[in-house]
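Here it is, the structure, as C-alpha cells.
Each residue takes its place number in the sequence, starting with 1. Side chains are part of it too, since the values below use all heavy atoms of this structure and drop only hydrogens, waters and symmetry mates.
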Amino acid sequence: MTRWVWREPWMAFTACVTTVCVMTVIAIRWLAVLVVVRDYNVTHTSGSVPPAGGGFSYSTSSYHRYLGLLSGPSTALTHLDHWTWRIGFVAGILWMARLGLRSANRRIGVLRGLAVVFGFGAFVVTGVAHGIAEVVVPSVRARDRMHLLITIWCFAAVITAVLVMATVSVGAVPPGGPTLGDNAVIAPVGWSIARNALQLLVAFGGWAIALSLTRRWIRAEEPSDETSRLLTV
C-alpha cells in the first residue's frame, strides 16, 4: 500500500480528497435523516406595498435549498455541504480517470471531458468504472455483480438529482402567502428524510465502488511487481 502511494501520488491525493468530502457529506446527511439537520426552502420576494392596505404586488425569484437546525437555515452549513459535494465529485472523477488510465488504458478524452463540464459527469465516470471492472475483477460472477452495482449507482444518482431539483419548492410558500424579503420555510420532514437518505446512499455507494475497484487493482498489481523484482535479481 505504501509503495502504491509513492508510485501514484496523484491518485492517492484525489482518493484522499474524495474520502474527506464523502465522509463530510455522509455525516451531514445522516444527521438530516435523524432530523437533527433540516431542509429549508428559501425564496426572495420583492415587490411594492401600496400606501393603504390591500396587500402588495410581488414577484418571487427562484427557490433555494438551505440546510440548518430547527432554529433556522445556516448559510455556513449550506456552503460547506455545497462545496464538499462539488469538490468530492470532481476529485472522484479524477480518481477514477487516473485508475482507468493505469488499469485499463482508458482515457476520458476531449468529448467526455466536455460532457463532465456540462453536467454529465455521472455517466462518464460510470463508463470508466465499467472499463476498470472488466480488467481488475477476474471472476466472471464478481465482475457481473460489479457491473450491476455500477449501473444501479448511476441510475440512483440520476433519480436522486432529479428528485432533489423537482422537490426544491415543496412547501416553499409560508402559510398566509409570501412576505417581502427572504422567506425561509422548513421543508416537510418526510421529503427531507427521503432526499437526504437518497443522497447519503449515492455518496457512500460511489465511494465504496471506487475504493473496491482501487483495492482490486492494487492486489492485481502486487504479484506482477514481485515477479518483476525476482526476474531482475
Side-chain angles (χ1 to χ4, degrees), residues 8-33 37 39 62 64-67 74-104 106-133 136 146-168 192 194-215 217:
E8 288 293 335
W10 176 246
M11 192 191 303
F13 173 74
T14 53
C16 289
V17 172
T18 304
T19 300
V20 171
C21 291
V22 168
M23 292 302 110
T24 302
V25 168
I26 288 175
I28 295 173
R29 290 300 176 281
W30 180 243
L31 291 175
V33 171
V37 171
D39 278 337
S62 60
H64 301 281
R65 179 172 176 249
Y66 273 66
L67 295 174
S74 170
T75 302
L77 181 61
T78 302
H79 287 171
L80 174 65
D81 180 73
H82 175 74
W83 284 107
T84 49
W85 264 113
R86 297 188 67 173
I87 295 173
F89 188 67
V90 172
I93 291 176
L94 295 176
W95 177 8
M96 286 294 94
R98 182 60 181 175
L99 181 59
L101 179 62
R102 288 301 309 272
S103 64
R106 185 184 179 96
R107 300 175 183 274
I108 287 182
V110 176
L111 291 180
R112 292 189 182 93
L114 290 175
V116 172
V117 173
F118 286 104
F120 297 96
F123 298 103
V124 173
V125 77
T126 296
V128 174
H130 279 302
I132 296 170
V136 303
M146 179 61 72
H147 283 312
L148 179 61
L149 289 175
I150 293 170
T151 302
I152 291 175
W153 174 84
C154 181
F155 178 77
V158 173
I159 292 299
T160 299
V162 172
L163 178 66
V164 170
M165 289 187 293
T167 61
V168 69
S192 179
R195 291 186 300 201
N196 285 287
L198 286 173
Q199 290 176 322
L200 187 154
L201 291 175
V202 168
F204 178 78
W207 174 80
I209 290 172
L211 182 63
S212 176
L213 292 175
T214 304
R215 291 180 62 184
W217 173 71

Tell me which donor-acceptor pairs under 3.5 Å the side chains of residues 25-32 have, and how far apart each pair is, sequence neighbours excluded?
{"from": "Arg29", "atom 1": "NE", "to": "Asn196", "atom 2": "OD1", "distance (Å)": "3.2"}
{"from": "Arg29", "atom 1": "NE", "to": "Gln199", "atom 2": "OE1", "distance (Å)": "2.6"}
{"from": "Arg29", "atom 1": "NH1", "to": "Asp81", "atom 2": "OD1", "distance (Å)": "2.6"}
{"from": "Arg29", "atom 1": "NH2", "to": "Asp81", "atom 2": "OD1", "distance (Å)": "3.2"}
{"from": "Arg29", "atom 1": "NH2", "to": "Asp81", "atom 2": "OD2", "distance (Å)": "3.0"}
{"from": "Arg29", "atom 1": "NH2", "to": "Gln199", "atom 2": "OE1", "distance (Å)": "3.2"}

> Minimum heavy-atom separation for Ala203 to Trp85, with atom names?
Replying inline: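 Answer, listing the atom of Ala203 first, then Trp85: CB-CH2, 4.1 Å.
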>> Test of understanding: with side chain to side chain donor-acceptor pair (under 3.5 Å), list the residues that count as partners of Trp207, not counting sequence neighbours.
In response: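 With sequence neighbours excluded, Trp207 shows a side chain to side chain donor-acceptor pair (under 3.5 Å) to Thr19, given in chain and number order.
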> Which residues pass the side chain to side chain contact (heavy atoms under 4.5 Å, CB included) test with Ala91, sequence neighbours left out?
Replying inline: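 Testing Ala91 for side chain to side chain contact (heavy atoms under 4.5 Å, CB included), a comparison that skips the adjacent residues, returns Val17, Thr18.
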> Do Ser74 side-chain atoms and Leu67 backbone N/O form a donor-acceptor pair below 3.5 Å?
Replying inline: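 Pair absent, no side-chain N/O of Ser74 close to backbone of Leu67.
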>> Minimum heavy-atom separation for Cys154 and Ala122, please, with both atom names.
In response: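 Minimum heavy-atom separation between Cys154 and Ala122: SG-O, 4.3 Å.
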> Which is it for Val22 and Phe204 under the side-chain contact (heavy atoms from CB on, under 4.5 Å) test, yes or no, and what are the steps along the way?
Replying inline: CA-CA 7 Å; Val22 168; Phe204 178 78; 5.5 Å; no
> Taking atom CD1 of Ile87 and atom NE2 of His82, what is their separation to the nearest 0.5 Å?
Replying inline: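 Answer for the CD1-NE2 pair, Ile87 versus His82, is 9.0 Å.
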> Is the closest side-chain heavy-atom distance between Met146 and Leu213 below 4.5 Å?
Replying inline: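 With C-beta onward as the side chain, the pair touches.
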> If you measure from CZ on Arg65 to CG on Asp39, what distance do you get to the nearest 0.5 Å?
Replying inline: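 Interatomic distance, Arg65 CZ to Asp39 CG, rounded to 0.5 Å: 4.0 Å.
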>> Test of understanding: with ring-ring contact (aromatic ring centres under 6.0 Å, His included), list the residues that count as partners of His147, not counting sequence neighbours.
In response: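 His147 satisfies ring-ring contact (aromatic ring centres under 6.0 Å, His included) with His130 once adjacent residues are dropped.
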> Does Ile152 have any side chain to side chain contact (heavy atoms under 4.5 Å, CB included) partners at least two apart in sequence or in another chain, and if so, which?
Replying inline: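 Partners of Ile152 under the side chain to side chain contact (heavy atoms under 4.5 Å, CB included) test: Leu148.
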>> Under the criterion side-chain contact (heavy atoms from CB on, under 4.5 Å), I'd like the reasoning laid out for Trp153 against Leu149: C-alpha separation, chi angles, the key distance, then a yes or no.
In response: CA-CA 6 Å; Trp153 174 84; Leu149 289 175; over 6 Å; no
> Which value, rounded to the nearest 0.5 Å, describes the distance between Phe13 atom CZ and Leu94 atom CG?
Replying inline: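 So the gap between those two atoms works out to 9.5 Å.
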>> Give me each pair satisfying salt bridge (charged side-chain N to carboxylate O under 4.0 Å, His left out) with a member in residues 152-165, each pair once, sequence neighbours excluded.
In response: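 Sorted pair list comes back empty.
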> What pairs with Ser103 under side chain to side chain contact (heavy atoms under 4.5 Å, CB included), at least two apart in sequence or on another chain?
Replying inline: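 Residues passing side chain to side chain contact (heavy atoms under 4.5 Å, CB included) with Ser103: Leu99, Ile132, Val136, Trp217.
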